Amino acid sequence: MTVTANDIPAEVERLKALPYTRELLPNEDGTWFARIVEFAGCITEGDTQEEALGMLDDAMTDWLTAKLEDGDPVPAPMAPKIFPASFSCA
């Protein structure tokens with residue numbers, strides 16, 4: 001799909017609303033690492049979980065904008081992992 005320059009902001013917002021996989025991991029120094037799993041290089045860090053996730057939103061906007069401006073494909077969200085409704089621990 002080709003997106004015109006005028007349509008990029010709306011397309012970025014549409015894509016951000018899709019269920020992309022966000023990963024949040026603690027660093028050894030107490031800060032937090034965050035990334036969008038489907039977007040290679042879309043990573044950030046923050047002093048708190050909230051800060052890392054907020055910065056990830058900004059990183060996602062920048063990543064998507066660059067891809068759309070360059071005409072590069074944007075990967076679809078990964079299929080959600082389905083876990084069994086019940087299980088037992090012996």
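Just so it is clear, the model here is predicted, and its values are computed rather than measured.
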Could you measure the distance from the [atom1] atom of [X] to the [atom2] atom of [Y]? Nearest 0.5 Å is fine.
| X | Y | atom1 | atom2 | value |
| --- | --- | --- | --- | --- |
| Cys42 | Leu56 | SG | CG | 5.5 Å |
| Leu64 | Arg14 | CG | CZ | 10.0 Å |
| Met55 | Asp47 | CE | CG | 8.5 Å |

Only pairs at least two apart or in different chains count here, so list each ring pair (Phe, Tyr, Trp, His ring centres under 6.0 Å) that has a residue in residues 34-75.
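Matches after skipping sequence neighbours: Tyr20-Phe39, Phe39-Trp63.
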
By side chain to side chain donor-acceptor pair (under 3.5 Å) - contacts of [X] (at least two apart):
| X | answer |
| --- | --- |
| Asp29 | Thr31 |
| Glu69 | none |
| Gln49 | none |

Side-chain (Glu11) to main-chain (Leu68) donor-acceptor, under 3.5 angstrom:
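Not at all, since once roles are kept as given, no pair shorter than 3.5 Å links the two residues.
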
Atom pairs and distances, side-chain donor-acceptor, residues 70-77, under 3.5 Å, sequence neighbours left out:
none

By side chain to side chain contact (heavy atoms under 4.5 Å, CB included), Asn6 pairs with (sequence neighbours left out) Thr4

With sequence neighbours excluded, what pairs up with Ala52 under the side chain to side chain contact (heavy atoms under 4.5 Å, CB included) test?
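Ala52 satisfies side chain to side chain contact (heavy atoms under 4.5 Å, CB included) with Leu24, Trp32, Ala34 only.
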
Stepwise side-chain contact (heavy atoms from CB on, under 4.5 Å) test for Leu53 and Thr44
CA-CA 8 Å; Leu53 290 172; Thr44 192; over 6 Å; no

Looking at Glu51 and Thr48, what are the two nearest heavy atoms and their distance?
N-OG1, 3.0 Å

Heavy-atom pair with the smallest gap, counting every atom of Thr65 and Thr61:
OG1-O, 2.7 Å

Only counting residues at least two apart or in another chain, list the ones meeting salt bridge (Lys or Arg N to Asp or Glu O under 4.0 Å) with Glu13.
Lys16

Could you work out, with salt bridge (Lys or Arg N to Asp or Glu O under 4.0 Å) as the rule, every residue matching Glu23, not counting sequence neighbours?
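Applying salt bridge (Lys or Arg N to Asp or Glu O under 4.0 Å) to Glu23 gives Arg35.
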
Is it true that Leu25 and Val37 fall in one hydrophobic cluster, defined by side-chain heavy atoms closer than 4.5 Å?
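Hydrophobic grouping puts Leu25 apart from Val37.
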
Can you get from Leu15 to Ile43 by hopping between Ile, Leu, Val, Met, Phe, Trp and Tyr side chains that sit under 4.5 Å apart?
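Different clusters.
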
